[in-house]
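Just follow the structure's listing: the first ligand is 1, and inside any ligand the first atom is 1.
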Amino acid sequence: MLASGNAGKQKEIAAILAGDEILSLAAFPAIVLPEEGDDYEQNACTKARTVALATGLPSLADDSGLEVDALGGRPGVFSARYGGPGLDDRARMERLLEALSDVAEPRVARFVCLAACALPDGRTFTARGLCEGRILRSPRGEGGFGYDPIFAPQSSDRTCAELDPAEKDRISHRGEAFRALARLLPELT
Ligand code: IMP
């Protein structure tokens, strides 16, 4: 089971774990994911546990965010809520670009992902992934989701929204976290 309502993340996690059968939360409309707090690990574990308990199936979740050095690590765990309610991805990116308008290059940042798997017997396993990079001055590319069009991973002159999905998964925070989680699980289930 995948405990996420974010279509961008769902697609990426399913591709990273290709070969395993993963059910989407859409098959269980009665399950409501809990409100998120201020800690990646706690948020990911709570989402995964909620779904494992409700379905009786091993459940995966992630909590992720974009940490910008010039903003003291913000928006971080609050990335999905940056700028307040009612904004879409594009408006949140614009807010972030405005907040960085006086900051000189390189505007160092990283994506962080905490992946969790909760088993119906109550055990929970976690793994973390990072993708270092920098924030550009304006959005580029049509792929990915969230802040991808303004984030260029280290050693790339393209944004995450300009990479093809398989390329992004190879270097992304989510790819690193879920591959590490998958390595833990065969021995544990
Ligand atoms: P949450 O994990 O549901 O709290 O959401 C994390 C938020 O961080 C997303 O809604 C995006 O705004 C941002 N984010 C996390 N991972 C990525 C990514 O791979 N690309 C772009 N934005 C991301």
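Across Y147, Y40, Y82, F151, heavy-atom proximity to atom 22 (N) of ligand 1 is greatest for Y147. Evaluated by nearest non-hydrogen atom to atom 10 (O) of ligand 1, the leading choice among S79, G65, A80 is A80. Nearest-heavy-atom check against atom 18 (C) of ligand 1 across K9, K47, K168, E12 picks out K168.
Taking distance alone, with nitrogen or oxygen atoms compared against 3.5 Å, H173 approaches ligand 1 more closely than that limit. The distance criterion of under 3.5 Å between nitrogen or oxygen atoms is not met by R92 with respect to ligand 1.
S59 places no side-chain N or O within 3.5 Å of a backbone atom of M1 that could act as its donor or acceptor partner. A donor-acceptor pair is defined here as one N or O able to donate and one able to accept, closer than 3.5 Å; such a pair exists between the side chain of E167 and the backbone of D164. Using modelled atom types, one side-chain atom of T46 and one backbone atom of Q42 make a donor-acceptor pair closer than 3.5 Å. Using a distance-only test at 3.5 Å, with no hydrogens or angles considered, no donor-acceptor pair links the side chain of R174 to the main chain of G129. The backbone N or O of E36 lies less than 3.5 Å from no partner atom in the side chain of N43, so there is not a single donor-acceptor pair.
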Under 3.5 Å, which donor-acceptor pairs link side chains of residues 103-110 to any protein atom two or more places apart or in another chain?
unit_1 : atom_1 : unit_2 : atom_2 : d
E105   : OE1    : R137   : NH2    : 3.3
E105   : OE2    : R137   : NE     : 2.8
R107   : NE     : I135   : O      : 3.0
R107   : NH1    : L100   : O      : 2.8
R107   : NH1    : V103   : O      : 3.1
R107   : NH2    : L136   : O      : 3.0
R110   : NE     : E132   : OE1    : 3.1
R110   : NE     : E132   : OE2    : 3.1
R110   : NH1    : D69    : OD1    : 3.0
R110   : NH2    : D69    : OD1    : 3.1
R110   : NH2    : D69    : OD2    : 3.3

Sequence neighbours excluded and cut-off under 3.5 Å, please list the side-chain donor-acceptor pairs for residues 141-150, or say none.
unit_1 : atom_1 : unit_2 : atom_2 : d
Y147   : OH     : S79    : O      : 2.8
D148   : OD1    : K168   : NZ     : 3.3
D148   : OD2    : F145   : N      : 3.0
D148   : OD2    : K168   : NZ     : 2.8

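Nearest to atom 4 (O) of ligand 1 among the protein's heavy atoms is E36 OE1, 3.0 Å. With respect to atom 15 (C) of ligand 1, the closest heavy atom belonging to the protein is S64 OG, 3.1 Å. The nearest heavy-atom contact from the protein to atom 20 (N) of ligand 1 is D148 OD1, 2.7 Å.
Under a 4.0 Å heavy-atom criterion, L66 is not in contact with ligand 1.
Of all the atoms in ligand 1, the ones that sit under 4.0 Å from a non-hydrogen atom of G146 are 21 (C), 22 (N).
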